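The block underneath contains the structure these notes are about, expressed in structure tokens.
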Amino acid sequence: MYNNKKVGIIISGWPAVGKTTIALELAKEFNLKICNGGDILKILAGDKGYVISGDDWWDTQEAKKFMNERKSNPSFDKEVDEKLLQIVNEGDVIITSYTLPWLTEGPIKFWLKGSQDNRAKRMANRDNISFFEAREIIKMRDEENKQIYSNLYGFNFGIDLDVFDFSLNTDLLNLDSLVGVSKYIIRNLGISKTHT
């Protein structure tokens, strides 16, 4: 089905659900570029003068200040999404994005769902923070995402899932198993390891 076409894959889901882990593995397996909407937003924050060092930057006080500015200025998110749309239209890419699945047709779209507690455990391990701190961050980011994207685009993040081709529950399988399932799905859509 996709052997002679440019491939676009979008992975979306709640914060700390495993989007980046699965995207990295699929990118390696199928020779795809990888792009993260959060990274582009982070670059925009740097352009605005915010200090953006560290992999866990989104959980810092500096990021929280940026998020407050972001809430009052939708141009940040729209700028990120315009860039991501250009990238996905070029093809042979896998993108993690909160919003892109609702803004484009054509790419293969995965939704990852998972409970707040399991996502908090993943964040706590990843960022070396307590489970309780991680759970508070998860709750805050979940609510912020729902509010931002409802105001910006009018869809209900985490609820309006009809745009997705596949939904995977990260509470039922560990990330290694989910990577295996995702690879199986992609292979069965006719995409090979040597796709270029």
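Remember, predicted model here, so these are calculated numbers, not experimental data.
K183 is linked by a salt bridge (charged side-chain N to carboxylate O under 4.0 Å, His left out) to E29, counting only residues two or more places apart in sequence or in another chain. The side chain to side chain donor-acceptor pair (under 3.5 Å) search around D171 returns S115, N118, not counting sequence neighbours. Residues forming a salt bridge (charged side-chain N to carboxylate O under 4.0 Å, His left out) with R122 (at least two apart in sequence, or on another chain): none. Every residue two or more places apart in sequence or in another chain that forms a side chain to side chain donor-acceptor pair (under 3.5 Å) with K146 is listed here: E143. For E133, there are no side chain to side chain donor-acceptor pair (under 3.5 Å) partners, not counting sequence neighbours. Under the side-chain contact (heavy atoms from CB on, under 4.5 Å) criterion, A45 pairs with Y50, I52, W57, F66, not counting sequence neighbours. K65 is linked by a side chain to side chain donor-acceptor pair (under 3.5 Å) to E62, counting only residues two or more places apart in sequence or in another chain. Applying the salt bridge (charged side-chain N to carboxylate O under 4.0 Å, His left out) rule to K48 yields the partners E69; only residues at least two apart in sequence or on another chain are considered.
Distance alone, capped at 3.5 Å, places no donor-acceptor pair between the D92 side chain and the L32 backbone.
Alongside I137, the hydrophobic cluster contains M123, I129, I138 (criterion: ILVMFWY side chains under 4.5 Å).
Pairs engaging residues 7-21 under the salt bridge (charged side-chain N to carboxylate O under 4.0 Å, His left out) rule: none recorded [sequence neighbours left out]. For residues 107-119, every residue pair satisfying the salt bridge (charged side-chain N to carboxylate O under 4.0 Å, His left out) rule, not counting sequence neighbours, is listed here: D117-R135, R119-D142. Sorted by first and then second residue, the pairs that involve residues 152-170 and meet side chain to side chain donor-acceptor pair (under 3.5 Å), not counting sequence neighbours, are D81-Y153.
Taking every heavy atom of both residues into account, Y98 and P15 meet most closely at OH-CG, 3.3 Å.
Ring centroids of W102 and F164 are separated by less than 6.0 Å, placing the two rings close together.
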